[in-house]
Asks: 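Pasting in a structure now, in structure tokens, and then I'll have a few things to ask.
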Amino acid sequence: MLILFGFFYLTKPTDAQIAAEKARIHLDSLKKAGVKQTAVTAVKADSIAKPVKLDSATLKSPFGIATAGTEELITLENKDVLVKLSTLGGRIKSVELKNFKTFDKKPLILFDGNASHFNLNFTTGGKNINTGGLYFKKAAVLNSDSSTVTLRLNYSDTQYIDYIYSLSAAGYKVGFTIKATGLEQVLPVNQPINMDWQASLNKTEMGMDMERLYSTVYYYNTEGEANNLSTGKDDTVLVKDKKIEWVSFKQHFFSSVLIYKNGFENANLHVSIDPNQKIEVKQMLAKMQLPANTGSVYPMVFYFGPNQFSTLKAQGYDIDKQIDWGWGPLKFINRYAVLYVFDLLKQTNWNYGIIILLLTILLKLVLSPLTYKSYLSMAKMRILKPEIDEIKAKVGEDNPTLLQQETMKLYKKAGVNPLGGCLPMVLQLPIVFAFLRFFPALFELRGQSFLWMKDLSTYDDLIKFGTNVWGLGDHLSLMCLLMTISTFIYTYFNNQISGVSGQMKYIGYISPIMFIFFLNKYPSGLNYYYFLANMLTFTQQYLIRLMVDDKKIHAEIQENKKKPEDKTKKKSAFAQRMEDYMRQQQQLPAAKAPVKAPTKKK
């Protein structure tokens with residue numbers, strides 16, 4: 001390990017080389033996705049806000065009247081969100097979530113200014129039209145139980161495209177309807193309309209690495225399947241065989257989702273990382289088509305809000321499926337077991353540090369039978385160790401097949417399963433890995449403090465280096481350090497219980513060394529849980545040790561050895577294969593012995 005670390009340290013590229021390579025990969029991925037380099041940069045507001053004098057040719061061209069104007073901002077606001085609309089392109093220019101703050105206590109703005117684009121693309125009169133560069137007019141504003149704003153893109157006085165935005169008195173949904181009036185001869189007949197939506201999402205959490213790890217484009221098709229693009233690299237996905245019901249620009253704890261129940265067609269989705277960006281998490285793009293619609297009305301919904309499971313579930317449309325609970329059994333454990341128990345404990349309104357403690361205690365109580373069985377099996381192996389050492393001295397270690405066979409005979413006579421100590425631990429592994437996905441995805445921990453940990457959803461940086469240290473970053477998480485120390489202690493006592501000796505006893509110490517590098521940037525809530533789990537395991541083993549009498553176990557083993565072998569008992573398939581294999585291995589040297597030449601008779 002030291003050689004490997006030294007090799008990577010001495011041969012690692014410089015920061016400038018890394019930045020240049022990332023920039024090259026970023027540009028290559030954009031080219032492969034069919035995105036022009038200038039597509040991520042909006043036209044500056046000061047260059048488009050200046051009035052332009054229209055000549056007669058421009059006025060006669062399709063939507064020529066909308067090519068000049070002055071950008072105006074219109075605000076839609078309720079108790080949860082503040083949305084600013086721009087007459088330039090008719091788009092949503094910025095979204096602020098009023099009930100949340102960034103990690104440094106600033107207003108939480110998902111995107112702002114030129115970081116977001118929305119436009120329709122189509123051809124009419126032999127001219128390509130991009131609505132993102134055209135000026136809409138404010139057509140109507142209604143204020144009652146909901147606020148509704150209509151932004152109109154005029155082709156003529158009787159022909160226009162309306163963007164209708166609506167916002168209820170509370171909630172995170174923004175209604176959005178595209179409606180074309182009198183444009184049957186202008187818009188493509190029975191052809192889909194191209195739509196582009198793009199956003200560069202602002203950093204909201206303390207750890208940029210973790211926020212990027214959990215940020216990407218998610219999409220959900222009309223057949224009920226949720227998928228996502230890569231979280232660790234630039235990625236592009238083309239979806240042509242199925243319609244997409246919603247697409248989400250998902251950050252770690254917040255999402256911007258566009259929903260169209262009838263389904264978008266021919267989607268080209270892209271996510272990329274700009275290595276030079278310190279404020280924007282990722283750049284996300286969705287190129288899709290609105291299907292041909294004789295009514296020329298496309299009712300959609302935006303969701304701008306937290307990735308809290310209960311909140312997403314209440315919105316409908318299955319947008320809760322973008323929460324990453326893990327794969328396979330991990331997802332099942334987190335979604336239908338751990339989350340259910342956590343929600344019950346949450347109703348106590350106690351500090352989340354106490355809730356995690358209670359959750360850990362409940363989990364340890366449920367798993368206590370497995371822990372007891374594991375301890376008992378390891379105790380039996382420890383008691384048998386002197387007899388195993390005698391077999392090694394008698395047979396010798398130069399004949400591993402015979403040594404294994406004699407050892408298995410001893411286990412069988414003593415009634416000891418050599419896998420008895422490992423199997424219960426293996427059965428607990430899915431739960432250990434499930435929590436590795438559960439806590440980072442849990443929105444409820446965001447901004448919650450406990451002891452010295454200011455935010456359980458991110459790392460605690462009580463120990464700051466002031467500079468980047470290889471493998472650790474600019475800090476050392478105190479809770480991660482405590483968790484690592486407790487794992488070392490746990491490994492030490494485990495070796496004492498099981499009687500492991502030689503080089504094998506040192507293998508268990510490799511994991512804690514890896515933990516300090518791997519988990520240092522993970523949420524302090526996760527490291528706190530692992531620390532509690534270790535401490536509670538110590539307590540369990542201490543109590544079990546008081547209940548288990550080694551002398552009694554030894555006497556029981558000796559009684560088992562005296563019992564005659566039950567030949568009527570059917571062996572398992574695995575045991576039979578192992579016995580056959582060892583018998584073949586034992587006979588192998590005899591088969592390979594040189595054959596003597598027959599002697600001649602006199």
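Just so it is clear, the model here is predicted, and its values are computed rather than measured. No hydrogens, no waters, no symmetry mates; every other heavy atom, side chains included, goes into these values.
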Asks: With sequence neighbours left out, write down each residue that passes salt bridge (Lys or Arg N to Asp or Glu O under 4.0 Å) with R437, or none if nothing qualifies.
Replies: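 R437: salt bridge (Lys or Arg N to Asp or Glu O under 4.0 Å) contacts with D324.
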Asks: With sequence neighbours excluded, tell me which residues meet ring-ring contact (aromatic ring centres under 6.0 Å, His included) with Y336.
Replies: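 Testing Y336 for ring-ring contact (aromatic ring centres under 6.0 Å, His included), a comparison that skips the adjacent residues, returns F332.
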Asks: In chain order, what residues pass the ring-ring contact (aromatic ring centres under 6.0 Å, His included) check against F433, with sequence neighbours excluded?
Replies: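 Residues passing ring-ring contact (aromatic ring centres under 6.0 Å, His included) with F433: none at all.
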Asks: Sequence neighbours left out, what pairs pass ring pair (Phe, Tyr, Trp, His ring centres under 6.0 Å) with at least one residue falling in residues 215-242?
Replies: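 Matches after skipping sequence neighbours: Y220-W246.
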Asks: Just list the side-chain donor-acceptor pairs under 3.5 Å for residues 204-215, sequence neighbours left out, or say none.
Replies:
from	atom 1	to	atom 2	distance (Å)
T204	OG1	E211	OE2	3.1
E205	OE1	R446	NE	3.0
E205	OE2	R446	NE	2.9
E205	OE2	R446	NH2	3.2
D209	OD2	K521	NZ	2.8
E211	OE1	T204	N	3.4
E211	OE1	E205	N	3.2
E211	OE2	T204	N	3.2
E211	OE2	Q251	NE2	3.2
R212	NE	V281	O	2.8
R212	NH2	Q277	O	3.1
R212	NH2	E280	O	3.3
S215	OG	E211	O	2.5
S215	OG	H252	N	3.3

Asks: Can you list everything that forms a salt bridge (Lys or Arg N to Asp or Glu O under 4.0 Å) with D162? Sequence neighbours excluded, please.
Replies: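 So D162 forms a salt bridge (Lys or Arg N to Asp or Glu O under 4.0 Å) with R152.
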Asks: Name all residues meeting the salt bridge (Lys or Arg N to Asp or Glu O under 4.0 Å) criterion together with K464; count only those two or more places apart in sequence or in a different chain, and write none if there are none.
Replies: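 Partners of K464 by the salt bridge (Lys or Arg N to Asp or Glu O under 4.0 Å) criterion, ordered by chain and then number, come out as D461.
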Asks: With N130, which residues qualify under side chain to side chain donor-acceptor pair (under 3.5 Å), at least two apart?
Replies: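 For N130 the side chain to side chain donor-acceptor pair (under 3.5 Å) partners, ignoring immediate neighbours, are N119, N121.
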Asks: Not counting sequence neighbours, which residues clear side chain to side chain donor-acceptor pair (under 3.5 Å) with W327? List them please.
Replies: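 In terms of side chain to side chain donor-acceptor pair (under 3.5 Å), with neighbours along the sequence ignored, W327 is linked to no residue.
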Asks: Taking ring-ring contact (aromatic ring centres under 6.0 Å, His included) as the test, write out the residues that go with Y459, two or more places apart.
Replies: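 For Y459, the residues satisfying ring-ring contact (aromatic ring centres under 6.0 Å, His included) (neighbours in sequence not counted) are H475.
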Asks: List in chain and number order the residues that pass salt bridge (Lys or Arg N to Asp or Glu O under 4.0 Å) with K173, two or more places apart in sequence or in another chain; answer none if no residue qualifies.
Replies: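 So K173 forms no salt bridge (Lys or Arg N to Asp or Glu O under 4.0 Å) with any residue.
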Asks: By ring-ring contact (aromatic ring centres under 6.0 Å, His included), which residues pair with F302, not counting sequence neighbours?
Replies: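 Per chain and number, F302 pairs via ring-ring contact (aromatic ring centres under 6.0 Å, His included) with F176, W197, F304.
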